[in-house]
There are 2 protein chains.
Amino acid sequence: MLDPVSRVRRFNRAVTSAVGALDTSFLGRGRPLGAARVLNAIGHGRSDVAEIRDYLGLDSGLMSRLLRSLEDEGLVETTAHADDARRRVAKLTRTGRREFAAYEALSNAQAEGFLAQHSQAEALLAAMDLIASALTRERVSLDEIDPQSEQARYCLAEYYAELGRRFKQGFDVSLSRDPDAKDMRRPRGSFIVAMSDTLPIGCVGLKGTDHGYAEIKRLWVAPAARGLRLGRRLMDATEAAARELGITLLRLDTNSALPEAAQLYRTTGWREIPRFNDDPYPDLFFEKRI
Amino acid sequence: MLDPVSRVRRFNRAVTSAVGALDTSFLGRGRPLGAARVLNAIGHGRSDVAEIRDYLGLDSGLMSRLLRSLEDEGLVETTAHADDARRRVAKLTRTGRREFAAYEALSNAQAEGFLAQHSQAEALLAAMDLIASALTRERVSLDEIDPQSEQARYCLAEYYAELGRRFKQGFDVSLSRDPDAKDMRRPRGSFIVAMSDTLPIGCVGLKGTDHGYAEIKRLWVAPAARGLRLGRRLMDATEAAARELGITLLRLDTNSALPEAAQLYRTTGWREIPRFNDDPYPDLFFEKRI
DNA sequence: CATGATATCTGACTAAAGTCAGACATCATG
DNA sequence: CATGATGTCTGACTTTAGTCAGATATCATG
């Protein structure tokens, strides 16, 4: 009962029956699961028929019939795609949106009920984030986004909060050399976010300077996503972006209160150099030629 | 992306597709899922047909046919139950055991693969234990067992390890008044373990004495099962056992380094009393009349 | 040992999911 | 604008899961 594999398998059994219960509650709306899944996929913004089919892993014949049955119910309308009349685009009717909302309410109620029965919901949520990140690991996408977008701001806020917890003296972003957003946009730099499903779970900024090098800033991995070697993937992606921009020398600063970061740099070709700025927080400085 | 319900639902999505993948890998052995599930239930030691049917939630007609198909494949043999010839008992043939082992290998490989891709497997396992315990909460059974059984010894070892971590001076069971096992067996006392699926996640002992009261000892809840009010359920069950044994006065000792325990006692009718033994570890003493 | 309860099995059904071949319209390309 | 590729649809199927009403054998009980 102690070995890791049994523990994973116990988790699998627990989760299998919970998933089954959710499916059963979906059947309560008088529609087979297949049709309900298509309706929900459309409700969640997947409009292209081929995309839905791919997402749900359905045969084109089956997909077509499920769509037809949703149309017969008056929940969905399909039209030809504007750019390519072979492709079809599905969208919900007014009734369809109402029905989708009912499914959403079921899902939300189920989630709330699960949380409510537990007196330490925060620990439960952290565990769920951890597992969801691990399970969707190979589906994490690294996207280059604007450093002032909502996702970027979320990551940075989490990053600052963590520095505040880990630095003995706390962390005040206004005392740090906060990079100008335009230095982290092409063509001067870049900002990359790691997305797991809809949740940002990591980020890194590449900040262009006028001193013959670019700096790597704001490398952050969500606690729930640690252990997945995401830091390394983010660094690789930034280096690739730097090469594209013709940058040949990278620098970064960090703090010895973040040993896992320094460890990552040391094992990926960075070498320690003397202090190259007057930011009050960092005490370790690295350089890498690419 | 921050609200608890979205986080639970992200977890649900991640887990649904992982479960689907496992099901699909099971189909690879050329047998429908229903039959595979029955085969595995038998392999895991469920032999009584009614029990399997109940466990898998199958209709008796369907169950009968699935069994028949496994018999046709030469994987299963059924015989009449020794005590009741209406009931049937299923067991695996030699070929059946081989086939079951193949399913086990698939499950184990899937679990190992999942663990291997994560560099912090212990954190992942703790998260899985937490969630599995929360999901199977209403299926936790409280069983009265022998205080020297394997499950009891596992719980006690975990309990001592935790005391060692939480007491500043550590914990050495040989210095404590270790209760004699026979004092925690009927008719003098009782030992109750909380089982979640196959994993013991909590325990409590009721120790009979010759001083006109019985003592509650070794109340432990696994870290993964905290927040489920399991401590309270265990205490209620012991009190019920004590009443059955004609015990009317209960005592217990505890340590202020375990504040959640003292809190539980205070809110469930226990009142603090002066020290009533010379055990070196406890510094808080309680009594309850039942 | 008659009687009602229980456990399983069989036959006859339905619903849902999935498969496959071919039809059809549309697209990209030379 | 002919041609092959692509996306969707339809018809004709199969498999799997599940339901339900008896039939049959056995059990517990008085």
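Lettering follows sequence order; numbering is per chain, from 1. These numbers come from the heavy atoms of this one structure, side chains and all, not from hydrogens, waters or symmetry mates.
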Once you round it to whole Å, what is the distance between P of C/dA16 and CZ of A/Phe26?
17 Å
Residues 49-64 of chain B vs salt bridge (charged side-chain N to carboxylate O under 4.0 Å, His left out), sequence neighbours excluded, gives B/Arg46-B/Glu51
Could you check whether the rings of B/Tyr103 and B/Phe26 sit parallel, tilted or perpendicular, using 30° and 60° as the cut-offs?
tilted
In 5'-to-3' order, the base (B), backbone-only (S) or no-contact (-) status of each nucleotide in nucleotides 6-16 of chain D, using a 4.0 angstrom heavy-atom cut-off, is BSSBBBB---S
In sequence, state the C-alpha distance, the side-chain angles, and the governing distance for B/Arg139 and B/Asp197, and then conclude on salt bridge (charged side-chain N to carboxylate O under 4.0 Å, His left out).
CA-CA 8 Å; B/Arg139 270 169 287 159; B/Asp197 200 344; over 6 Å; no
Using the closest heavy atom to pick a nucleotide of DNA chain C for each, name whichever of A/Leu66 or A/Ala85 lands nearer the 5' end.
A/Leu66
Under the side-chain hydrogen bond (donor to acceptor under 3.5 Å, both in side chains) criterion, do A/Gln151 and A/Asp143 qualify, and how do the steps go?
CA-CA 11 Å; A/Gln151 284 94 344; A/Asp143 305 330; over 6 Å; no
Between C1' on C/dC9 and NE2 on B/His81, what's the gap in Å once rounded to a whole number?
18 Å
B/Arg10/A/Ser196 under side-chain hydrogen bond (donor to acceptor under 3.5 Å, both in side chains): CA gap, chis, key distance, verdict:
CA-CA 9 Å; B/Arg10 168 175 176 253; A/Ser196 166; 2.8 Å; yes
